[in-house]
Amino acid sequence: MKKIIALLLLIGTHLNAKSLTIFSASSMNNVLQEIGKSYEQAYPEDRLTFSFAASSTLAKQIERDAPADIFISADQKWLNYLQIKQPEKIQQVKFIAKNALVLIAPKEAPLQAQAIQAVNFKKILANHYLAVGDPAHVPVGKYAQMALTYYQRWEMVEPRLARAKNVRDALSFVERREAPLGIVYATDAKISNKVKVIATFPLESHSDIIYPAVILSDKPEAVRFLNFLQSKQAKAIFEQAGFLPVE
């Protein structure tokens, strides 16, 4: 009898669950999945569904009325895009984390860590390509373009770009040794045991890599999840994953 009652309670909990759909930049895949587990333990009445892709892709899906309750972008640009295209959807905005930009190579590559100014892109790339998110659409690609322009490498590197549709695809190109170099976020490099960081781009070489979280619906659980993203518990998970705090 006790087992039947427990089963009925479990079924009742699922039937009454409040669904929340979160669209997020690919670079937050792992950390948000981890935070999501903690959130659902704290609020078992809520059920989270994540959709991860390039910020540009998600913003355009939201513009076409995709049913997202929260959007987490990897830059300010695609938040601004939605504020122009769908201003009535924007309920609340919070900045939840920051990131760093790094140059990576396959783990077994003979390249050693060095300052970005010392990297000989022309020699290393030769007849190969630099893996990076497409600068025309993907935030990490935009940051990479800024940083390479700062070091006067952009004109030389641009024809040798392997333009990925998101940062995780750029990471995969290097993991599979399809590219000798790639530019990704520090947190993406951290999750892979198949790549190593060759150099970190100094902060002055690009604009802040900051993640705005935007509430797009009037669901109270959306506010609850956004608040949880700023809790001590979530901040500890962000920090463990390599994200930087928002000042």
Fill in: Atom pair OG1 (Thr200) and CD1 (Ile104), whose distance is rounded to the nearest 0.5 Å
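Going from OG1 on Thr200 over to CD1 on Ile104, the span is 11.5 Å.
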Worksheet item: Out of curiosity, Lys89 NZ to Asp69 CG, how far, rounded to the nearest 0.5 Å?
Response: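 CG of Asp69 is found 11.0 Å from NZ of Lys89.
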Practice prompt. Please report the C-alpha distance between Phe201 and Ile183 in whole Å, then the side-chain angles of each, then the deciding distance to 0.1 Å, and finally whether the side-chain contact (heavy atoms from CB on, under 4.5 Å) criterion is met.
Written response: CA-CA 10 Å; Phe201 290 93; Ile183 298 177; 3.9 Å; yes
Item to complete: Could you tell me which residues satisfy ring pair (Phe, Tyr, Trp, His ring centres under 6.0 Å) with Phe238, sequence neighbours excluded, listed by chain and number?
Response: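 Partners of Phe238 by the ring pair (Phe, Tyr, Trp, His ring centres under 6.0 Å) criterion, ordered by chain and then number, come out as Phe243.
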Discussion item. Please list all pairs meeting ring pair (Phe, Tyr, Trp, His ring centres under 6.0 Å) that have one or both residues in residues 151-171, counting only residues at least two apart or in different chains.
Written reply: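 Applying ring pair (Phe, Tyr, Trp, His ring centres under 6.0 Å) to every pair that reaches into residues 151-171, excluding sequence neighbours, yields nothing.
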Item to complete: Keeping to residues at least two apart or across chains, list the ring pair (Phe, Tyr, Trp, His ring centres under 6.0 Å) pairs with something in residues 42-68.
Response: Tyr39-Tyr43, Phe50-Phe52
Using residues 121-129 as the side-chain source, report each donor-acceptor pair under 3.5 Å to any protein atom, sequence neighbours left out, with the distance given to one decimal.
none

Item to complete: Decide yes or no on side-chain contact (heavy atoms from CB on, under 4.5 Å) for Ile198 and Gln114, but give the supporting numbers first.
Response: CA-CA 6 Å; Ile198 300 302; Gln114 54 191 294; 4.2 Å; yes
Closest heavy-atom pair and its distance - [X], [Y]:
| X | Y | answer |
| --- | --- | --- |
| Ala164 | Asp169 | CB-CB, 3.8 Å |
| Val174 | Ala131 | CG2-CB, 4.0 Å |
| Leu111 | Lys196 | O-NZ, 2.7 Å |

Worksheet item: Hey, are Asp75 and Lys142 close enough for a salt bridge, meaning a charged N less than 4.0 Å from a carboxylate O?
Response: no
Step through the shown structure and confirm whether more than 12 heavy atoms of other residues, nucleotides or ligands are within 6.0 Å of [atom1] on [X].
| X | atom1 | answer |
| --- | --- | --- |
| Gln117 | CD | yes |
| Glu108 | CD | yes |
| Lys94 | NZ | no |

Fill in: With Ala59 via side-chain contact (heavy atoms from CB on, under 4.5 Å) - residues at least two apart
Phe71, Trp78, Tyr81, Leu82
For residues 24-37, which side-chain N or O atoms pair as donor and acceptor with protein atoms under 3.5 Å away, sequence neighbours left out?
residue : atom : partner : partner atom : Å
Ser26   : OG   : Ala53   : O            : 3.3
Ser27   : OG   : Tyr211  : OH           : 2.8
Asn30   : OD1  : Arg168  : NH1          : 2.8
Asn30   : OD1  : Arg168  : NH2          : 3.0

